[in-house]
Amino acid sequence: MGVTEDAAGPWLIAGLGNPGPGYAMNRHNVGFMVADLLAERVGGRFKRAAKAQAQAQVVEGRVGSPGPGSRRVVLVKPMSYMNLSGGPVNALREFYKVPPQRVVAIHDELDIDYGTLRLKLGGGDNGHNGLKSLTGAFGRDYHRVRFGIGRPPGRMPVADFVLKDFSSAERKELDYLVDRAADAVECLVAEGLERAQSAYNS
């Protein structure tokens, strides 16, 4: 089975965020945080994509159990800012010949509580500019790993909330939650959506 899976080509795993140190710890950048941890796990470092049209950083590697159970992956961090993520991700998707169903977007999600994970295939963008850009580039039939950040307090505008760093209270759990999200991505790719939903949806 593993040979058949790999013959279909790699999975493309896109962590969504904004480039630059000023955004690094923003709630909107949790997709980058999970992608960075996955890169560590596969023993790689993000480098600028060789494909000229792709304004992104990439790492290639394998996830899952060694042997037939492992899966080829291309980890991607778009360097185009969140609302233009679709262009770089789609350029790499076409370069690696990855169908939308083997694309995974890791992103922050306002409508679920902080630290809650939800995995799904397809759906709307729910006002998320990164998802809106991906959907506009290659349709909505890709996987999403949704990392809950909750709603802004009081009357704080959503744009301000997502571009603020995680609070000191949130940061106490952040490493654990990012680690769990990375586990969920690996489970999705290696064992399938249903198994990953059963284990990680909360």
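Heavy atoms only, all atoms of each residue included: Y142 and A105 are closest at CE1-CB, 4.0 Å. A190 and G64 make their closest contact through CB-CA, 4.2 Å (heavy atoms, listed as atom of the first residue, atom of the second, distance). Contact detail for R93 and P99: the closest heavy-atom pair is NH1-CA, 4.1 Å. For the pair L75 and V42, the tightest heavy-atom approach, listed with the atom from each and the gap, is CD1-CG2, 4.3 Å.
F166 and Y114 have tilted rings, their planes meeting at an angle from 30° to 60° on a 0 to 90° scale. The aromatic rings of H143 and W11 sit tilted relative to each other, their planes meeting at an angle between 30° and 60°.
Looking at residues two or more places apart in sequence or on another chain, you find a ring-ring contact (aromatic ring centres under 6.0 Å, His included) between H107 and H128. Qualifying ring-ring contact (aromatic ring centres under 6.0 Å, His included) partners for F161, counting only residues two or more places apart in sequence or in other chains: none.
Rounding to the nearest 0.5 Å gives a distance of 14.0 Å between NZ of K120 and CG of L188. To the nearest 0.5 angstrom, D36 atom CG is 5.5 Å from F46 atom CZ. The CE atom of M82 sits 10.0 Å away from atom CG of L134, with the distance rounded to the nearest 0.5 Å.
Between Y96 and R102, every side-chain heavy-atom pair lies at or beyond the 4.5 Å cut-off. Side-chain contact between R41 and D179 is present, with at least one heavy-atom pair separated by less than 4.5 Å. You'll find the side chain of M33 reaches within 4.5 Å of the side chain of M25, heavy atoms only. Within the 4.5 Å cutoff, no side-chain heavy atoms of V98 are placed close to those of V74. Two residues are said to be in side-chain contact when any heavy atoms from C-beta on lie closer than 4.5 Å; P88 and Q57 fail this criterion.
Using modelled atom types and a 3.5 Å distance limit, the side chains of N18 and N26 yield no donor-acceptor pair.
Taking the centre and axis of the six-membered ring of Y176, the NZ or CZ atom of R180 falls outside the cone set by 45° and 6.0 Å.
Other residues, nucleotides and ligands contribute more than 12 heavy atoms inside 6.0 Å of the CZ atom of R151. Heavy atoms from other residues, nucleotides or ligands lying under 6.0 Å from CZ of R140 number 12 at most. Within 6.0 Å of atom NZ in K164, 12 or fewer heavy atoms from other residues, nucleotides or ligands are found, so the atom counts as exposed in its surroundings.
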Exercise. Would N126 and L131 satisfy side chain to side chain contact (heavy atoms under 4.5 Å, CB included), going step by step from the backbone distance to the final call?
Worked result: CA-CA 8 Å; N126 203 25; L131 296 182; 5.9 Å; no

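Between the side chain of R144 and the main chain of G123, a donor-acceptor pair closer than 3.5 Å is present. The backbone N or O of L119 lies less than 3.5 Å from a partner atom in the side chain of Q197, making a donor-acceptor pair.
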